[in-house]
Amino acid sequence: MGDNRVVSVGLVGLGRLGRQHAENLAYRIPNCRLTAVCSIKAEEVEEAQAQLGVPYGYTDYEDMLRNKELDAIFIASPSSYHCDQIEKALAAGFHVFSEKPLGLYMEEALRVQEAVRSHPNQVFMLGFMRRYDRSYVYAKRKIEAGAIGEPVLIRCYGLDPAQAMPGFLQFAKSNYSGGLFLDMAIHDLDLARWYLGVEAERVWAIGGSHRYTELAQLQDAETGAALVQFAGNKMGVFVAGRNCAHGYHIETEIIGTLGTLRIGTVPEKNQVAIMDDRGVVRECAQGFLERFEQAYLDEAIEFVEAILEGRQPGVRVEDGVLSTALGYACKESYDTGRLVEVCA
Ligand code: NAI
């Protein structure tokens, strides 16, 4: 580390989300410098370097890890690379941020957990950015202040816009995303653990593909639901989908012994009501970048601050392992039609 008040970051992955992280790391975080970018697509690297003024560009990840000016690696590559890239970055001595999910398989997630634990002086953070969204943070504080008594049931909708489906189908033909529950519901599974304060015990998950039936050939579902029994007789109901006609619908309800909190019940784009020949229209958010723009920035600020303050951040590797275990149990239940015990 050169100047120890500035964290020098190398980012891998410059796709839909990586590009947003790149802008945040380059421009919007005090004490952070985006020093290097890496993607297997040379044109993405050149464009990011030119537009964001990034000194170093790589098409090979291991080449980037040899850059001695870097303090930290930020991983926004496809999910199947996360575990290998995390392990290599930790072994090379870097602090590491990785996008969710931690891993697509339990064995690799557990391996990464060991790697993180054996490098206790390096910061590791997983990108469960909803924990940094202002509304979700506010709800957490309310629960901690006793506003709804003891939280006992959580109901979550995580629905991607139908307009993103053609792009997803293209992606899914040559890439394994982990399936509906591990890829999409993982944020909700993490939030459930966070809000309920207990771990999952067993799950029954179902799903189907009714509009895009080709998803069934890819062993995936268009829409799915999971019913989860948590410890202490607490409950979770999770609906995940990729075919939401009205847009990007992320909704969470937490029912407590004394009250209820709802976040994003009507997933409005903003506060504008359009009154015309269709009636009164509130437009819907259309994607994760729009809905969680502030959370992506605040999670990256937390990562940089944790490095500068020499502490571990709020989202740890254990959160990744436990949510992956639950996501995997959902997938297994969906695949087999059976009630599945969750084991991490
Ligand atoms: P994408 O497909 O748009 O971008 C992937 C990027 O990684 C591209 O720049 C590609 O060239 C690069 N890449 C692929 N293989 C590589 C390799 N071996 N070495 C270096 N670079 C490589 O993917 P997207 O949608 O940006 O997702 C990336 C990750 O972020 C995924 O793991 C996904 O689960 C996660 N994600 C998280 C979200 C959240 O809400 N936290 C939202 C969207 C994605």
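Predicted model, so just to flag it, every value in this text is computed and none were measured. Only heavy atoms go into these numbers, but all of them, side chains included; no hydrogens, no water, no symmetry mates. Read the numbers this way: they start at 1 and go in the same order the structure lists the ligands and their atoms.
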**Prompt:** Any non-hydrogen atom of R130 lying under 4.0 Å from ligand 1?
**Reply:** no
Mind checking whether R19 has a heavy atom under 4.0 Å from ligand 1?
no
At under 4.0 Å between heavy atoms, what of S177 touches ligand 1? The answer is neither
For atom 33 (C) of ligand 1, the closest protein heavy atom turns out to be K100 O, 3.8 Å
Sub-3.5 Å N/O-N/O distance, C38 and ligand 1 = no
**Asked** Is the closest basic N to carboxylate O distance between R131 and E299 below 4.0 Å?
**Response** no
Here the gap from L70 atom CG to S8 atom OG, rounded to the nearest 0.5 Å, amounts to 5.0 Å
Margin query: side-chain hydrogen bond (donor to acceptor under 3.5 Å, both in side chains), that's the test. Do E23 and H21 meet it? Break it down for me.
Written below: CA-CA 5 Å; E23 286 177 28; H21 284 314; over 6 Å; no
- Does an N or O from V12, backbone or side chain, lie closer than 3.5 Å to an N or O of ligand 1? no
Salt bridge (charged side-chain N to carboxylate O under 4.0 Å, His left out) filter on D183, not counting sequence neighbours, yields K100, R242
Closest to atom 29 (C) of ligand 1 by heavy-atom distance, out of S77, G287, G13, is S77
Note: heavy atom closest to atom 7 (O) of ligand 1, options P78, S39, G15, belongs to P78
In the complex you have, is atom 27 (O) of ligand 1 within reach of the protein, judged by whether a heavy-atom distance drops under 4.0 Å? no
_Would F171 count as being in polar contact with ligand 1, using the rule that some N or O on each side must be under 3.5 angstrom apart?_
no
Among non-hydrogen protein atoms, atom 38 (C) of ligand 1 lies closest to L17 CD2, 3.4 Å
Report task. Answer yes or no: is there a donor N or O on one side and an acceptor on the other, between the side chain of Q229 and the main chain of K234, under 3.5 Å? Result -> yes
*Non-hydrogen side-chain atoms of E290 and Y248 separated by less than 4.5 Å*: no
closest protein heavy atom to atom 30 (O) of ligand 1 is E99 CG, 3.4 Å
Within 4.0 Å of some non-hydrogen atom of Q85, the atoms of ligand 1 are 19 (N)
Under 4.0 Å from one or more heavy atoms of H187, ligand 1 contributes atoms 39 (C), 40 (O), 41 (N)
Q.
I want to know if ligand 1 touches Y61 in the polar sense, i.e. an N/O pair below 3.5 angstrom.
A. no
Intermediate values then yes/no, side-chain hydrogen bond (donor to acceptor under 3.5 Å, both in side chains), Y56 and Q49: CA-CA 7 Å; Y56 299 97; Q49 281 192 270; over 6 Å; no
With a 3.5 Å cut-off and no angle check, do the side chains of S39 and E44 form a donor-acceptor pair? yes
Practice prompt. Would you please say whether a donor-acceptor pair under 3.5 Å links the side chains of R19 and Q51?
Written response: yes
Ligand 1 to F288, heavy atom cutoff 4.0 Å, flagged ligand atoms 42 (C), 43 (C)
| said: Just by distance, no angles: are the side chains of E108 and H82 close enough, under 3.5 Å, to form a donor-acceptor pair? | reply: no
**Item:** Heavy atoms from other residues, nucleotides or ligands near CZ of R282 exceed 12 (cutoff 6.0 Å)
**Value:** yes
Note: ligand 1 atoms sitting under 4.0 Å from heavy atoms of H82 are 32 (O)
Original post:
Under 6.0 Å from the six-membered ring centre of Y157 and within 45° of its axis: does the NZ or CZ of R155 meet both?
Top reply: yes
inquiry  = Between D133 and R130 (salt bridge meaning N to carboxylate O under 4.0 Å), is one present in this structure?
reply    = no
A student checking ligand 1 against G127 at a 4.0 Å heavy-atom cut-off should list atoms 41 (N)
Open item on the list: Looking at R117 and E318, is there a salt bridge between them, counting it only when a charged N and a carboxylate O are closer than 4.0 Å?
Closed with: yes
among protein heavy atoms, the one nearest atom 3 (O) of ligand 1 is R16 N, 3.0 Å
If we count only non-hydrogen protein atoms and require a distance under 4.0 Å, does atom 41 (N) of ligand 1 qualify as touching the protein? yes
Any heavy atom of Y296 under 4.0 Å from ligand 1? The part involved is side chain
Nearest non-hydrogen protein atom to atom 9 (O) of ligand 1, with distance, is E44 OE1, 2.5 Å
shortest atom 17 (C) of ligand 1-to-protein heavy-atom contact is with I40 CG2, 3.7 Å
